[in-house]
Every structure is written in C-alpha cells, then in structure tokens.
Amino acid sequence: MLVVLALPLFLSARKQKKVYAEMQQLQSSLGPGDRVMTSSGLYATVVDATDDTTIELELAPGVHTTWLRQAIREKVQDQVEETTEVDEDEVVVTESKAEVAAPLEEQKNK
C-alpha cells in the first residue's frame with residue numbers, strides 16, 4: 001500500500017528534476033544572435049550573454065534591455081521555407097518565407 005502511494009511522488013519529483021536540468025542547459029547555452037522567447041512571451045535576440053545571472057536582449061533595432069537568465073523560456077528557431085524557381089535565362093531565384101505568429105487578439109478568439 002505504501003509503495004502505491006510513494007511511486008507517483010517519486011516519478012513526479014524525477015520529472016521535475018529533469019525539466020529543471022533541461023532549462024538550466026538551455027539558459028547556459030545561449031549566445032549572441034540566438035532568438036529567444038521570454039517567460040512573458042516577448043521575442044528578442046540575444047546581444048550579450050557574458051554575465052552568469054543576466055542576459056542582454058535586443059527587442060527591436062537599437063532597443064537593448066537586460067533580463068535575468070531565468071526569464072528565458074525557450075530558444076526560437078525561425079522557420080524558413082525556401083522555394084527555388086528557374087526562369088528562361090537559367091537564373092535561380094530564391095525566396096524565404098518565415099512564419100509569423102498570429103496577433104494575440106486572434107489567438108484569444110480561437
């Protein structure tokens with residue numbers, strides 16, 4: 001009976017430990033140029049990650065702010081779809097189409 005009660009507690013603690021270790025790994029691996037999302041949902045680019053506790057993010061061109069590393073929720077990968085077309089003169093034209101998240105108002109209405 002005691003084993004039945006202790007097993008879920010043990011598994012839960014193990015899962016939390018694993019998630020914490022993954023978050024620590026992510027926060028320590030950040031470097032300049034990485035796109036990130038903060039815990040508040042703000043997208044930014046890492047400018048300076050030399051300090052152990054803080055990180056400098058660029059929100060817009062020329063707008064730099066300092067954040068705690070723990071505020072970084074995830075590293076964002078830009079999704080790029082490339083299409084190649086060949087016209088009559090054998091010139092290759094390449095386009096890049098990055099996906100943009102829908103505005104918050106649209107996401108709330110879903």
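Worth knowing before you read on, the calculation uses all heavy atoms, side chains too, and leaves out hydrogens, waters and symmetry mates.
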J.: Rounded to the nearest 0.5 Å, what's the gap from CD on Glu56 to NE2 on His64? Could you check?
T.: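 If we round to the nearest 0.5 Å, Glu56:CD and His64:NE2 are 6.5 Å apart.
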J.: Ser40 versus Trp67: any side-chain heavy-atom pair under 4.5 Å?
T.: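 Touching, per the 4.5 Å side-chain cut-off.
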J.: With side chains defined as the heavy atoms from C-beta onward, is the minimum distance between Leu59 and Thr65 less than 4.5 Å?
T.: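 Yes, their side chains come closer than 4.5 Å.
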J.: Which heavy atom in Gly31 sits nearest to a heavy atom in Ala49, and how many Å separate them?
T.: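 Closest pair (atom of Gly31, atom of Ala49, distance): CA-CB, 4.4 Å.
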J.: Side-chain contact test, heavy atoms from C-beta onward, threshold under 4.5 Å: evaluate it for Ile55 versus Leu68 and give yes or no.
T.: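 No, every pair of side-chain atoms sits at 4.5 Å or beyond.
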J.: Using 0.5 Å steps for rounding, measure from the CZ atom of Arg69 to the CG atom of Asp51.
T.: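 CG of Asp51 is found 7.5 Å from CZ of Arg69.
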J.: Working to the nearest 0.5 Å, report the span between NZ of Lys17 and OG of Ser12.
T.: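 The distance works out to 13.0 Å.
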J.: Return the OG1 to CG distance between Thr54 and Asp48, rounded to the nearest 0.5 Å.
T.: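 Rounded to the nearest 0.5 Å, the OG1-CG separation comes to 7.5 Å.
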J.: What's the separation between atom CD in Gln70 and atom OG1 in Thr38, rounded to the nearest 0.5 Å?
T.: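 Rounded to the nearest 0.5 Å, the CD-OG1 separation comes out at 13.0 Å.
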J.: Could you tell me whether the side chain of Gln16 and the main chain of Tyr20 form a donor-acceptor pair under 3.5 Å?
T.: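 Flag not set: sc Gln16 to bb Tyr20 has no pair under 3.5 Å.
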J.: Which residues, ordered by chain and number, are linked to Leu11 in its hydrophobic cluster, where ILVMFWY side chains connect at heavy-atom gaps below 4.5 Å, directly or through other members?
T.: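 Leu11 shares its hydrophobic cluster with Leu7, Phe10.
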J.: Do the non-hydrogen side-chain atoms of Gln27 and Met23 ever get within less than 4.5 Å of each other?
T.: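 Yes, their side chains come closer than 4.5 Å.
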J.: I need the full list of salt bridge (charged side-chain N to carboxylate O under 4.0 Å, His left out) pairs touching residues 20-34, with sequence neighbours left out, sorted by first then second residue.
T.: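 Non-adjacent pairs meeting salt bridge (charged side-chain N to carboxylate O under 4.0 Å, His left out): Asp34-Lys75.
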J.: Before you tell me yes or no, could you show the steps for Val36 and Leu57 under side chain to side chain contact (heavy atoms under 4.5 Å, CB included), namely the whole-Å CA-CA distance, both residues' side-chain angles and the distance that decides it to 0.1 Å?
T.: CA-CA 9 Å; Val36 296; Leu57 301 178; 3.9 Å; yes
J.: Check whether any side-chain N or O of Ser29 sits under 3.5 Å from a backbone N or O of Leu26 as a donor-acceptor pair, and report yes or no.
T.: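 Yes, because the side chain of Ser29 sits within donor-acceptor range (under 3.5 Å) of the backbone of Leu26.
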J.: First locate atom CG of Leu30, then atom CD of Gln25, and finally report the distance between them rounded to the nearest 0.5 Å.
T.: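 One finds 10.0 Å between CG of Leu30 and CD of Gln25.
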J.: For the hydrophobic clusters of this structure (ILVMFWY residues joined by side-chain heavy atoms under 4.5 Å, transitively), does one cluster hold both Val63 and Ile72?
T.: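 Linked, Val63 and Ile72 end up in one cluster.
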J.: Going by distance alone, is a donor N or O of one side chain under 3.5 Å from an acceptor N or O of the other, for Thr45 and Arg35?
T.: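 Per modelled atom types, Thr45 and Arg35 side chains form a pair under 3.5 Å.
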